[in-house]
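These numbers were taken from a predicted model, which means no experiment stands behind them. Residue indices begin at 1 and follow the sequence shown.
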Amino acid sequence: LETVLEADGITKEMIQAQEARMKLIQRLLAASEESRLQLIQQEDEHIDSSLFTMLSTLMQASISGQDENAAQQLNELQLLLVEHSTQGKALKADSDEIQAAMKELQDLGDNLTREKLLDLVVAAPTEVRLRAYVQFIRPGMDYEFFQQLSARIEAASGDEKARLTEIRTKLLAYAGEYDEELAALMESA
């Protein structure tokens, strides 16, 4: 079995890491609520995005198997981890940024223009929000949009010029990634 898995690129270390995550989830589920908080603090460095992915997979499996009790316990555990772990707090902050980007775009609705989009992008407080704009409205970030951004860069000076240049570089990278993902999806379809 290990030989087959290694041929698929899954190493023994990866399997051990997954087993460790599963054992941590089991320990957290078995612990009392008070003990859970202590365990979360003790194991904070081991609570990563892969553990959250595993929790989601387990919840989906519980829902599919119509085990509502297990799904509820896993959901409660996930909420505790989001609230009390370093990774959970980071995921929540990212989620809040994505929601804020979506709300800003929805608020503009039919009044969204390239200029308003450019204003949103330039004022984006985080990279997560910047990436979210690309994900939500990539078609609006066309050649004309980037021309307008370049014009703002040329009109700026000093630190502002450097900041806008950095934003353009990030936007181009995020748009390239998005376009590659979309092309891969189209090819597989």
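- Pairs passing the salt bridge (Lys or Arg N to Asp or Glu O under 4.0 Å) check and including a residue from residues 36-49, sequence neighbours excluded, read R21-D48, R27-E43.
- Remark: S49 engages no residue in a side-chain hydrogen bond (donor to acceptor under 3.5 Å, both in side chains) (not counting sequence neighbours).
- Judged as a side-chain hydrogen bond (donor to acceptor under 3.5 Å, both in side chains), and not counting sequence neighbours, Q60 has no contacts.
- Within the structure, the salt bridge (Lys or Arg N to Asp or Glu O under 4.0 Å) test picks out no pair touching residues 63-73 (sequence neighbours left out).
- Salt-bridge formation is not detected for the pair R163/E166: no Lys NZ or Arg NE/NH1/NH2 atom is positioned less than 4.0 Å from an Asp or Glu carboxylate oxygen.
- For A61, there are no side chain to side chain contact (heavy atoms under 4.5 Å, CB included) partners at least two apart in sequence or on another chain.
- Hydrophobic side-chain contacts under 4.5 Å tie I63 to no other Ile, Leu, Val, Met, Phe, Trp or Tyr residue.
- If you chain together ILVMFWY residues whose side-chain heavy atoms come under 4.5 Å of each other, M22 ends up grouped with L24, I25, L28, L29, L37, L39, I40, I47, L51, F52, M54, L55, L58, M59, L74, L77, L80, L81, V82, L91.
- Applying the side chain to side chain contact (heavy atoms under 4.5 Å, CB included) test to L79 and every residue at least two apart in sequence or in another chain returns N75.
- Between L164 and R168 there is no side-chain heavy-atom pair separated by less than 4.5 Å.
- Taking the side-chain hydrogen bond (donor to acceptor under 3.5 Å, both in side chains) definition, one finds that Q72 meets it with E76, sequence neighbours left out.
- Qualifying side-chain hydrogen bond (donor to acceptor under 3.5 Å, both in side chains) partners for T165, counting only residues two or more places apart in sequence or in other chains: none.
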Distance-only check: which donor-acceptor pairs under 3.5 Å involve side-chain atoms of residues 175-187, not counting sequence neighbours?
unit_1 : atom_1 : unit_2 : atom_2 : d
E177   : OE1    : R131   : NH1    : 2.7
D179   : OD1    : R138   : NE     : 3.1
D179   : OD2    : R138   : NH2    : 2.8

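- Within the structure, every pair that satisfies the side-chain hydrogen bond (donor to acceptor under 3.5 Å, both in side chains) test and touches residues 91-113, not counting sequence neighbours, is listed here: K92-D96, E97-T126, E97-R129, K103-D107, E104-R129, E104-Y133, T113-E115.
- Here the CZ atom belonging to F145 is positioned 4.5 Å from the CG atom belonging to L117, to the nearest 0.5 angstrom.
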